[in-house]
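Contents: one structure, followed by commentary.
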Protein chains: 2
Amino acid sequence: MDTGLPNAAGVSRYAQLAQELRQRIVGGEWAAGAAIPAETELAERFGVALGTVRQAVAMLAAEGIVQRVHGKGTFVTQGLSGPSLLRFFRFRGPTDEPPTARVHRCQTVRLRAAEALALGQQTGDAALRVKRVRLLAGRPVLAEDLLLPLARFEALRALPTREWEDLLYPMLARLCGVTVARANDELSFGHLDAATAALLDLPEGAPAIRVDRQAFDLGGHCIELRTTWGDATAFHYSAEMR
Amino acid sequence: MDTGLPNAAGVSRYAQLAQELRQRIVGGEWAAGAAIPAETELAERFGVALGTVRQAVAMLAAEGIVQRVHGKGTFVTQGLSGPSLLRFFRFRGPTDEPPTARVHRCQTVRLRAAEALALGQQTGDAALRVKRVRLLAGRPVLAEDLLLPLARFEALRALPTREWEDLLYPMLARLCGVTVARANDELSFGHLDAATAALLDLPEGAPAIRVDRQAFDLGGHCIELRTTWGDATAFHYSAEMR
DNA sequence: GAGTGGTCTAGACCACATC
DNA sequence: ATGTGGTCTAGACCACTCA
């Protein structure tokens with residue numbers, strides 16, 4: 001790996017190493033939750049100084065695809081757990097209770113152009129469209145519409161709606177080997193249509209916050225499009241500016 | 001500074017150095033916008049290695065109180081400029097136009113307990129309460145209610161409402177020597193009261209997004225409480241999860 | 001005690017900005 | 001040419017975890 005050159009194509013050595021590690025993690029050489037080799041070993045194996053390895057690993061840690069634990073090792077992230085959309089809302093009740101989910105419908109559909117583009121698929125490719133409701137203490141609080149490309153999630157097609165787990169992402173990891181490392185949420189405001197309002201026990205036209213999510217796997221590919229609706233009066237979010 | 005000990009009180013050397021630099025910046029030894037000494041000089045002056053200085057400066061950069069520019073130097077942040085609340089909304093029109101502001105009222109009030117606590121003042125201390133409207137292309141889009149402790153902003157008391165600048169934070173920096181380095185925004189949903197609706201050319205009770213802001217100076221002290229209202233149908237925000 | 005990540009050093013060289 | 005921050009090295013030692 002030592003080329004003698006300052007760095008290839010203007011990319012720093014640690015960035016190259018980070019990319020190398022990233023690919024191995026995505027490729028499954030080190031599984032989700034498992035430890036990657038110790039820094040000293042990586043340094044030796046790739047022929048770079050310890051500091052360079054540390055800088056590369058720091059990049060991956062900042063990207064969230066790896067987590068360092070002092071004294072134990074560096075681990076491939078387990079991925080997002082799932083109840084994360086609730087962070088946009090403040091619902092009453094025993095807050096420590098985990099949310100449950102009820103799948104209402106799961107059908108196979110063809111991707112439209114915009115959806116295919118976002119998911120890195122071709123227009124007309126097959127996908128699963130899932131309608132589900134998230135409940136807190138048995139009370140419906142969020143209505144969700146998921147879109148999952150069938151190419152990655154064939155295993156879910158035959159799954160009866162009752163057997164879907166409460167948390168989607170751990171299920172995706174277990175059944176389909178897909179780890180969700182990152183998600184981007186776009187918030188906006190709207191009013192509930194009759195069907196969604198009925199699901200949430202709210203009047204038609206009630207003010208609601210809409211969250212459009214794109215979820216990404218370890219390789220940075222978008223593997224889910226999701227739209228979530230929740231009561232606007234329960235909306236609450238904290239953002240930091242600097 | 002070299003104590004020979006591993007580090008004092010379990011705090012790393014670079015963290016100590018960062019704290020030292022932080023205090024000098026807050027204390028005004030290096031003014032906002034000015035460069036702090038070069039890393040090599042800091043290393044020499046504080047008797048630490050270059051890498052340690054770099055780690056300390058990296059902390060300050062991550063905190064946003066300093067900005068590094070390759071080849072030029074490291075500069076104390078100029079602070080937030082101001083039109084930042086518009087990032088929560090998507091308003092139509094020529095987007096590159098800067099927002100303007102119109103101050104409707106500015107009065108001296110006594111702080112209530114909760115406000116004083118947040119601002120680090122005593123209950124009953126004097127403060128300025130300012131009502132203003134932000135306009136885009138001459139159209140009112142945001143209604144704001146500012147609360148500024150008089151202890152820090154005596155200079156604003158005598159300022160006629162017409163002479164308030166469009167951007168608050170640069171004005172605070174110029175007239176009062178206060179740099180706003182960071183702000184925390186809490187978003188929630190509500191309906192406009194009659195007075196606010198009138199200011200925004202919206203019907204009373206119109207759905208609105210409310211932003212409660214705390215702004216902090218370089219020393220991390222809260223120096224402003226602000227509540228902003230904007231049309232919910234123009235609301236839009238993007239959040240990243242990892 | 002062995003292995004891991006975290007801190008620190010002293011120095012070399014590279015890349016960018018400015019004069 | 002000079003000065004700045006950015007990269008990289010080779011090695012030492014510290015702090016944490018676990019068998």
Side-chain angles (χ1 to χ4, degrees), chain A residues 1-21 25 30-31 33-78, chain B residues 1-21 25 30-31 33-78:
Chain A
M1 185 138 186
D2 190 341
T3 61
L5 299 171
N7 48 42
V11 180
S12 62
R13 195 93 148 228
Y14 71 80
Q16 290 179 53
L17 177 52
Q19 179 57 20
E20 179 69 30
L21 297 175
I25 290 170
W30 303 305
I36 72 175
E39 301 181 341
T40 49
E41 192 193 325
L42 289 175
E44 193 176 350
R45 194 191 296 187
F46 289 96
V48 298
L50 231 182
T52 305
V53 171
R54 286 188 59 73
Q55 216 163 340
V57 174
M59 271 188 94
L60 301 185
E63 289 169 27
I65 80 176
V66 119
Q67 287 171 301
R68 308 168 105 154
V69 183
H70 191 172
K72 297 183 72 173
T74 300
F75 301 84
V76 178
T77 185
Q78 292 277 19
Chain B
M1 183 135 185
D2 191 341
T3 60
L5 298 173
N7 49 43
V11 181
S12 61
R13 196 91 148 234
Y14 72 80
Q16 290 178 53
L17 177 53
Q19 179 55 21
E20 178 69 33
L21 296 175
I25 290 170
W30 303 305
I36 71 174
E39 300 181 341
T40 49
E41 192 193 326
L42 290 175
E44 194 176 350
R45 196 192 294 187
F46 290 97
V48 299
L50 232 182
T52 306
V53 171
R54 286 188 59 73
Q55 217 164 341
V57 174
M59 272 188 91
L60 302 185
E63 288 168 28
I65 81 177
V66 118
Q67 288 170 302
R68 308 168 104 155
V69 183
H70 191 172
K72 296 181 73 171
T74 300
F75 301 85
V76 177
T77 186
Q78 291 276 18

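Letters A, B, ... mirror the listed sequences (proteins, then strands); counts begin at 1. Because the structure is a prediction, the values reported are computed rather than measured.
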Check the distance between D:dA19's P and A:Lys72's NZ and give it to me in whole angstrom. 9 Å
Passes side-chain contact (heavy atoms from CB on, under 4.5 Å), B:Leu42 versus B:Val48? Steps please. CA-CA 8 Å; B:Leu42 290 175; B:Val48 299; over 6 Å; no
Rounded to whole Å, please give me the gap between CZ in B:Arg54 and C1' in C:dA10. 15 Å
Using atom CD of B:Gln67 as one end and atom P of C:dC16 as the other, report the distance to the nearest whole Å. 20 Å
Here the distance between atom C1' of C:dT9 and atom CG of B:Leu42, to the nearest Å, is 17 Å
For the pair made of CG in B:Leu50 and C1' in D:dC8, what is the distance, rounded to whole Å? 13 Å
Scanning both residues in full, the closest heavy-atom pair of B:Ala56 with B:Tyr14 reads CB-O, 3.3 Å
Residue-phosphate contact under 4.0 Å: B:Arg13 side-chain N/O, D:dC14 OP1/OP2: no
If you pin A:Glu39 and B:Thr52 to their nearest nucleotides in DNA chain C, which one's is more 5'? A:Glu39
Answer yes when B:Glu39 and B:Arg68 have at least one side-chain N-carboxylate O distance shorter than 4.0 Å, and no when they do not. yes
By nearest heavy atom, map A:Gly71 and A:Gln55 onto DNA chain D; which one lands nearer the 5' end? A:Gln55
Value in whole Å for how far the P atom of C:dG6 lies from NE2 of A:His70: 6 Å
How would you label the contact of A:Val69 with the nucleic acid (heavy atoms, under 4.0 Å): base, sugar-phosphate, or nothing? sugar-phosphate
To the side chain of A:Ala38, which of C:dG5, D:dG5, D:dC8 is closest? C:dG5
Do the side-chain N or O atoms of B:Tyr14 get closer than 4.0 angstrom to the phosphate oxygens (OP1, OP2) of C:dC8? no
Using the rule side-chain contact (heavy atoms from CB on, under 4.5 Å), only one of A:Val57, A:Leu60, A:Val69 pairs with A:Thr74; which is it? A:Val57
Euclidean distance, atom CZ of residue B:Arg68 to atom P of C:dA15 [Å, nearest integer]: 18 Å
A:Val48 side chain: which of C:dT4, D:dT9, D:dC8 is closest? D:dT9
Nucleotide nearest A:Thr74 when distance is taken to its side chain, options C:dG5, C:dT7, D:dC8: C:dG5
Taking atom C1' of C:dT18 as reference, at what distance in whole Å does atom CZ of B:Phe75 sit? 12 Å
Looking at B:Gln19, I'd like to know if its CD atom is crowded, meaning that more than 12 non-hydrogen atoms belonging to other residues, nucleotides or ligands lie closer than 6.0 Å. yes
